[in-house]
Each structure stands twice: as structure tokens, then as C-alpha cells.
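Structure, as C-alpha cells:
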Amino acid sequence: MMEDLDVQLVSTTIVNKCLVVPIQVELFDDTIIQLQSEILDKIQKEDLRGVIIDLSAINVVDSFLAGKLREIGYQTVLMGVDTILTSLKPEVAASIADMEYDLGNVIMARDQDHAFQIIDSNSKKII
Amino acid sequence: MKTVKSKKISNPADIITVSSNALNIAKKIGFSETASYSISIAVSELASNIHKYAKNGYIHLNIIEGKNTNGLEVVAIDNGPGIKNIQDAMKDNYSTSDGLGIGLPGVKRLMDEFEIKSEPKKGTLITTRKWL
């Protein structure tokens, strides 16, 4: 029963020095908060070039999730790493626009490949 | 009016369940994909507010008949602390928690009709509708 679950797991992987966070289920608020600290922790411990959050499985971006994504974007930028959100469903993009959410520093990409391209081109600029 | 779903909101999983119920019902009664997702977000905002401020409450999803068309009505009801200042709560960027402060005004933007009644220490009743 879904009601009985109070723990959700989001497994992250590091690919090409980027932290990839594939979100496969609609997130509980607590899971987002946990994920947020995990991402910041990984940035500190690993030599990361970027954080890629894949939202392809997400149907609902409510104001809490939007606020947390904006916070993650701002915090990672402060730590020198961009956060890129990828694979928004068109309907979800439309509703984010309707709600007039401000996602702040986060960068949007079509899919994970596009996200890696953005991170690669940003790294080149710096070098 | 026909109530198609009544869901008690008492834990985070209920928020996800009821917003997914709303998405499916909206699609089934003929809303566009975009409108269905909008309704689903509105339901998620209302259910999150119940969980955040009142701990427990109910979301009712009703199919309603208008003069020319049908619609979906979302009723959020709780016996929580109520909203002290409704005018403030309806302002963008106002929040008494750590949210974006865009929840209620966002819901109003996503839906066609929005009514709120709230009394401190008694609870909050929000009725919102979207027409096909």
C-alpha cells in the first residue's frame, strides 16, 4: 500500500563527473529535502562539473517542489556547480508557466544528452 | 453534482494519490492534457496546504454541470488553524512557511473559479472550479 510508505529512495549516479538524479516517482516533500542535502553533500565530496535532475517521470511540479528546485539551483551555483533540469513533459512546462514559478538559476535542457552538452560547453568557456 | 472522489489527507502519500486521481478524472471527463495537469497541480497545492497547516482534512473532487458545459470542482476542507489574513494569503510571494508563497494565488490562476472561506482556529474551506 502506498499509504504505508514513508520512505522513498532516489538513487543518484555520477556520470562523466556529473551527478545525475533521475526522479522516477512523484516526490514527498521530505524526500526533496533529503535529496537537496544529498546533492550538496555530493558536490562537496566529489569533483563534480554539474548536477542533472531528470524530471521525465514527474507529473506535478507544485510550489513546494518548484521552490526547492530553485533553492537547489541557487545553492549549487554558490558551490560552483550548475544545476540542469531535463526532460519536462510539455504539460508540466505549461503548468509551471501558468503558475508563474520563478526557477531562478536552474538551467533547462531537453534531455540528459542536451544537459551534458550544456555542461561541456560551459566547462570549455571557463578553460 | 456528482462526487467522484473523496480523499482524506493525512500524510504525504495522500497528496500524491489525490493529485494523480485528479489528473485521471480530468482527462476522463474531457479536459485537455494541459488543463488536466493544471487541475492536478491545483489539487496538489490544496492538499499540501492541508497537510502543512491543518495536518488532516479532505479533498473532494466533484463533476459539476454548468449552463453550457461540465466542469470539475475541487473542494478542500479542514478544521485546522484557519487563515488569519486571507488577503495576504492570496498575494504572490506571501508565505508563512518556507514555500514559494505562490500556492493559493497560483491555484486561482490555474482554475476558473476560486472561493475561500476561513476562520481562525476553525478551519478553511476552499472551493475551486474549472470548466471544460
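Protein chains get the first letters and strands the later ones, always in sequence-line order, with residue 1 at the start of each.
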First locate atom CD of A/E26, then atom OG of B/S19, and finally report the distance between them rounded to the nearest 0.5 Å. 6.5 Å
For residues A/M79 and A/I39: do they belong to one hydrophobic cluster (side chain heavy atoms under 4.5 Å, members Ile, Leu, Val, Met, Phe, Trp, Tyr)? yes
Under a 4.5 Å side-chain heavy-atom rule over Ile, Leu, Val, Met, Phe, Trp and Tyr, are A/Y74 and A/L103 clustered together? no
State the CZ-CG distance between A/F28 and B/D14, to the nearest 0.5 angstrom. 9.0 Å
Shared hydrophobic cluster for A/L40 and A/I32 (ILVMFWY, side-chain gaps under 4.5 Å): yes
How far apart are the closest heavy atoms of A/M99 and B/R109, and which atoms are they? O-NH2, 3.0 Å
Can you tell me how far OG of B/S48 sits from CG of A/D62, rounded to the nearest 0.5 angstrom? 4.5 Å
Single-linkage hydrophobic cluster A/L35~A/I33, side-chain heavy atoms < 4.5 angstrom: yes
With clusters defined by side-chain heavy atoms of hydrophobic residues (ILVMFWY) lying less than 4.5 Å apart, directly or transitively, does B/L46 cluster with B/V75? no
Strictly less than 4.5 Å between heavy atoms, which residues of residues 20-42 of chain B line up against chain A? Please order them by number. B/L23, B/E33, B/T34, B/Y37, B/S38, B/S40, B/I41
If the contact rule is any heavy atom under 4.5 Å from chain B, which residues of residues 45-61 of chain A qualify, in numerical order? A/N59, A/V60, A/V61
Residues, nucleotides or ligands: over 12 heavy atoms within 6.0 Å of A/K42 NZ: yes
If you measure from CG on A/L27 to CD1 on B/I15, what distance do you get to the nearest 0.5 Å? 12.0 Å
